[in-house]
> 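Have a look at the structure that comes next, please.
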Amino acid sequence: MELEVKDGKVIRLGLAVICRKEGDAFVAFVPTLDLATHGENFEDALAASKTAAKAFIEQLIQMG
């Protein structure tokens, strides 16, 4: 995952994502951030986890 921060700097992060099927949905969990998302399939759950992780980290950067 890449994040653009102030002054055009880019941060590249490697975060583990654990995906598993629960009922009809797929759940993606990012242990490092204690963050969980879901989707209708594996790809949707993984994409949702990347979006949520990016938003979470961007908010942390803004908060200083």
Side-chain angles (χ1 to χ4, degrees):
M1 173 185 335
E2 291 185 356
L3 300 174
E4 186 171 333
V5 294
K6 293 180 182 178
D7 304 325
K9 294 179 183 175
V10 174
I11 298 172
R12 181 172 289 174
L13 300 172
L15 297 173
V17 180
I18 300 167
C19 288
R20 69 180 191 188
K21 187 169 184 178
E22 291 189 10
D24 293 335
F26 285 79
V27 175
F29 178 61
V30 183
T32 305
L33 303 177
D34 194 26
L35 180 72
T37 60
H38 69 280
E40 291 184 15
N41 55 48
F42 173 81
E43 291 80 12
D44 289 345
L46 184 60
S49 72
K50 289 180 181 181
T51 300
K54 183 176 179 181
F56 183 86
I57 292 168
E58 287 173 343
Q59 185 63 37
L60 290 176
I61 291 168
Q62 287 180 359
M63 293 171 61

> Taking only residues two or more places apart in sequence, or in another chain, which ones meet E40 in a side chain to side chain contact (heavy atoms under 4.5 Å, CB included)?
D44

> By side chain to side chain donor-acceptor pair (under 3.5 Å), which residues pair with Q59, not counting sequence neighbours?
none

> Quick one: side chain to side chain contact (heavy atoms under 4.5 Å, CB included) partners of A28, sequence neighbours excluded?
V17, C19, T37, A45, S49

> Transitively linked via ILVMFWY side-chain contacts under 4.5 Å: L15 with F26?
yes

> Taking the side chain as every heavy atom from C-beta outward, state whether L33 and I57 have any atom pair closer than 4.5 Å.
yes

> Among the clusters formed by ILVMFWY side chains lying less than 4.5 Å apart, do I18 and V27 turn up in the same one?
no

> Are L13 and F29 co-members of a hydrophobic cluster defined by side-chain heavy atoms under 4.5 Å apart?
no

